[in-house]
Each structure stands twice: as structure tokens, then as C-alpha cells.
Number of protein chains: 2
Amino acid sequence: MKTSPLTPRCPIRTTLELLGGKWQLLILDRLGEEAVAFTDLKLRLHPISDKVLAHTLQRLRESKLVDVVGGKYRRTKAGTATGPLLAAIVAYGQEYERLLAET
Amino acid sequence: MKTSPLTPRCPIRTTLELLGGKWQLLILDRLGEEAVAFTDLKLRLHPISDKVLAHTLQRLRESKLVDVVGGKYRRTKAGTATGPLLAAIVAYGQEYERLLAET
DNA sequence: CTTCATACTTACCTAAAGGTAAGCTTAGCT
DNA sequence: AGCTAAGCTTACCTTTAGGTAAGTATGAAG
């Protein structure tokens, strides 16, 4: 997903570009409030490969959603601000299953 | 993004699989409450190609988020239920820009 | 001083999303 | 009958996310 100068700055696109991948939201979710070390985080996300985790964390750092303190990963303010979004995503996933389940 | 039997049913993944693509959420957003014809929808989403729109609509129909009535596209109940999610996504996109703006 | 775990990096591959361009079918003007 | 627009479909191409497997650097532990 790339931003072109033709595509005007749309908040939906902004969010999708930051968090639309397979792991970004899961990582933010598993980070919680604490700072977590690479291998610990890996276990919480299982099964993710070293490469994909390292690369995704790098991208999250570049977008300032995550930073590193004392060798551990932690959400930034912008990362923590995903809280309500995360909640809405979880809620929708559940609601969707529920709606499909009824007949 | 594929679902493997190994990846347990996680609501975050469910939502990402349904709506993580480039156009799904935009389409749901532009559909609003009314039923909209293909070409009309295309104009609202500009620039999207015929092929991508047709294909994405097909996928949305398969996941029961959109249906067709009298040749026009309309959100289903599950499609309409994305409302709060959409709002959270827009809100986060704006909040993110705001947070990055403050040095 | 060697072994192991941590935290990555590198090389390589694949599938799929998305894009461009062109064609095709049907219905409705005129 | 001929033309146009709507709504798709088809063929083709490119990019990138994600995955596997292996390698490397560093420090702590035994």
C-alpha cells in the first residue's frame, strides 16, 4: 500500500498504511503497557519468524508507534493511542462472527 | 493474508482479513446508507479501476458485508456494523497526525 | 575458552494484491 | 440499424508482504 501524491491525505488510508499489515496490530496488542524483549514478544506472537518480527518492529519504530528502551520494545504515545482502535477491531471481529452465526 | 488451521480464530485477524485491504473500508464508507450503482460508486472512490472495484465488491459480497439489490450495491447488516470501527479508524488517523505534529 | 541463548541479518522464494489496458455484453437512446 | 454508456471480464505485469532457512555478533554462564 503506497501513498501517492494523487491520493489525498485520508485518515482511513493513514491508519491502513500504518496498521493494515498482518502483524502490526497484534504486536501493539501484545506489547501492552510494559516494555518487552524481542524473544519474549516473539513467544507472545507465536508463530512469527525472527525476520518478520524484526522487520515489522523496524517499521513500527519508523512510524513512531514503538520505541526501544534498554533493549526492550515499548509502545510510544502514538502506539498507546491505538487502544480504542484495537478495541473496535476486536469488537467488530466478534460481532461479525455473531452476525454470521444467526441463521 | 490467509487463515491457517494453526492460527486460532482471533478477532483481530478476522477483522484484518475482512477489511485489511486497500479498498474495503473505503468502499463501505462511501456506500453509506443508500444503495449505490457501480459507476456511481466508482466515482466516489476515484481513482479506482473497474477491475479492482469489481473484484473487491465480489469479495465483500462473499464475506456478506455487501449485497446487491436491483443492480445496486448496499451494505448488509454486517457491513453496516463496521460503523464504529470506521469511526475509530478515522479518529486514529487524525490523532496520529496530531501526535506526530507536536514536536 | 567454549557453549548457549539472544537478537538480529541475509539470501531466497512465493502468493496475492493491486494496477493498466483492452475487450465484451446488454440495454437504451435516436 | 448504429451509437453510447454501464458494468463487468480477461490478460498481463509489478510490487511487496510474508515465509523458510541459515548465518552472524555479542554477552553471559559453566
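Bear in mind that the values here come from a model prediction, so they are computed numbers and not experimental data. Each chain gets a letter, A, B and so on, in the order its sequence line appears, and its residues count up from 1.
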Rounded to the nearest angstrom, tell me the gap between atom [atom1] in [X] and atom [atom2] in [N].
X       : N      : atom1 : atom2 : value
A:His55 : D:dA17 : NE2   : C1'   : 8 Å
A:Ile27 : D:dG18 : CD1   : P     : 10 Å
A:Ile48 : C:dA7  : CD1   : P     : 15 Å
A:Leu60 : C:dC8  : CG    : P     : 14 Å
A:Leu16 : D:dT16 : CG    : P     : 17 Å
A:Leu53 : C:dT9  : CG    : P     : 11 Å
A:Leu45 : D:dG18 : CG    : C1'   : 14 Å
B:Leu26 : C:dG18 : CG    : P     : 11 Å

With a 4.0 Å limit, can you tell me whether [X] has a side-chain N or O closer than that to the phosphate oxygens OP1/OP2 of [N]?
X       : N      : answer
B:Tyr73 : D:dA6  : no
B:Lys22 : C:dG19 : yes
B:Thr39 : D:dG7  : yes

Report task. Taking side chain to side chain contact (heavy atoms under 4.5 Å, CB included) as the test, write out the residues that go with A:Arg61, two or more places apart. Result ->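 Expected list: A:Gln58, A:Val66, A:Val68, A:Tyr73.
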With rounding to the nearest 0.5 angstrom, report the [atom1] to [atom2] distance, [X] to [Y].
X       : Y       : atom1 : atom2 : answer
A:Leu60 : A:His55 : CG    : NE2   : 10.0 Å
B:Glu34 : B:Lys72 : CD    : NZ    : 8.5 Å
B:Leu45 : B:Trp23 : CG    : CH2   : 6.0 Å

Look at the side chain of [X] and decide which nucleotide, out of [options], has an atom nearest to it.
X       : options               : value
A:Arg59 : D:dG18, C:dT9, C:dG19 : D:dG18
B:Lys51 : C:dA17, C:dT9, D:dT10 : D:dT10
A:Asp50 : D:dT20, D:dG7, C:dC8  : C:dC8
A:Ala37 : D:dG7, C:dA7, D:dG18  : C:dA7

Query raised in the report: Between B:Glu95 and B:Arg98, does at least one N-O distance fall below 4.0 Å, as a salt bridge requires?
Result: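 Judged by the 4.0 Å cut-off on N to carboxylate O distance, B:Glu95 and B:Arg98 do form a salt bridge.
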